[in-house]
Amino acid sequence: MINSLESEYSLIGSLFLMAEAKPIRELYSIAVRLDDTDFADQLCATVYRHVKASILAERAFDIVTILDDIQGSRAPGPVLNLTDIGSKVMSQPGYSAIESHVAKVRDNSLRRKAIAAIGKLYEQLQTSDQTMQALGMAESSIQVLLQKVNGESSGLTHISELLPVWIDNAEKQYDGKPCEVGFTTGFAAADEMIGEELLKPGSLMVIGANPGKGKTALMVRQAIAIAEQYPDRVVQVY
C-alpha cells in the first residue's frame, strides 16, 4: 500500500504542537484540507478525526483529551495505547514542516484513491454489460481526484471557513468601511431584497416558482447583468 506513516504521525504531532502555541482558529486551514480517510494508518485516522472535530468546534485539545474522547466514544476503532501514541506523535521538534507533511499525506491519499478507481474500472469492464456506464463512473471518480489535485473545491464549505469572512464584512459595514460586494442581479428590487453584499462569489441562490412564471428569463437576465459588469470573464448557463 502507498503510504508514509512517518508523515502521518508527524502531521498529527505537529497539530498538537500548534494547538499549544497558536489559537485554534489558525489550525482551520490545515484541518479543512484533509479528512480521516486520507490516512492509511487507522490509528492516525482515528486520532485525526477527533482532532479535526475539536478544531472545527474551536475547542482546545491535547493528546490526553483526544485519547479520552476516542475511548469515551461509541464508535469502534483500534485499541489505543497512550504511551505508544504519545511517543510517536509528540516526538516532533516543531511544526514548521507541517505543510510538507500535509502535502505528503494528501498525495499518497490521492494515489491510493486513483489506484482504487482504476481497479474498480478494470473490474467493471470485465463484468458489466454497460461499457459506457462503467466508463462514465470511472471518469467521474477521476474528475473528482483531478479537482483535488488542482485545489478545486468539489463539495460544501464548512461554516467555520465562512464565519470569519462574514464577521469581518459585518464589522466593516458597522464601522462604515468598504467591504466585499458581489454581483448585481440586474433587478434593482431584487438587489434591495438581497442586501448590500449582493450575489457574492461562491454563493448559491435558489429561486422557486410555478411553471411559466419567468424563472428561466430571470436567470438569463442575471447572467447578462453579471457579464455586463465583468466583460473579461465567462458566464456559464446550464
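In this structure, D69 CG and T46 OG1 are separated by 12.5 Å, a value rounded to the nearest 0.5 Å. Going from atom CG of D107 over to atom CZ of R112 covers 10.0 Å, rounded to the nearest 0.5 Å. Taking CD1 of I115 as the start and CZ of R111 as the end, the distance is 8.0 Å to the nearest 0.5 Å. For the atom pair CD1 (I98) and CD1 (I30), the distance works out to 4.5 Å, reported to the nearest 0.5 Å. Between L17 atom CG and I12 atom CD1 the span is 12.0 Å, to the nearest 0.5 Å. In this structure, the separation between CG on L11 and CZ on F39 is 4.5 Å, given to the nearest 0.5 Å.
Across S14 and G94, no two heavy atoms sit closer than the pair OG-O, 3.8 Å. Looking at every heavy atom in both residues, K104 comes nearest to S7 through CG-OG, 3.3 Å.
No continuous path of ILVMFWY side-chain contacts below 4.5 Å connects I207 to V237, so the two sit in separate hydrophobic clusters.
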What donor-acceptor contacts under 3.5 angstrom involve side-chain atoms of residues 50-57, with partners at least two apart or in another chain?
residue, atom, partner, partner atom, Å
K52, NZ, A31, O, 3.3
K52, NZ, L34, O, 2.9
K52, NZ, D35, OD1, 2.6
S54, OG, H50, O, 3.1
S54, OG, R59, NH2, 3.1

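In this structure E6 satisfies the side chain to side chain contact (heavy atoms under 4.5 Å, CB included) test together with S10, sequence neighbours excluded. For S100, the side chain to side chain contact (heavy atoms under 4.5 Å, CB included) partners two or more places apart in sequence, or in a different chain, are A97. Taking the side chain to side chain contact (heavy atoms under 4.5 Å, CB included) definition, one finds that T216 meets it with M219, V220, sequence neighbours left out. Checked against salt bridge (Lys or Arg N to Asp or Glu O under 4.0 Å), D36 has the following partners two or more places apart in sequence or in another chain: R49.
Atom CD of E26 is surrounded by more than 12 heavy atoms from other residues, nucleotides or ligands within 6.0 Å.
Here the side chains of I24 and F61 are in contact, with some heavy-atom distance below 4.5 Å.
Within the structure, no pair that satisfies the salt bridge (charged side-chain N to carboxylate O under 4.0 Å, His left out) test touches residues 203-221, not counting sequence neighbours.
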Y9 vs D41, side chain to side chain contact (heavy atoms under 4.5 Å, CB included): CA-CA, chis, key distance, verdict: CA-CA 9 Å; Y9 278 103; D41 184 84; 3.4 Å; yes
From CA spacing to verdict: side chain to side chain contact (heavy atoms under 4.5 Å, CB included), K113, D38: CA-CA 9 Å; K113 290 175 182 177; D38 290 319; 3.1 Å; yes
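Under the 6.0 Å cut-off for aromatic ring centres, Y95 and F16 do not qualify, their centroids lying 6.0 Å or more apart.
A donor-acceptor contact closer than 3.5 angstrom links the side chains of D62 and T65.
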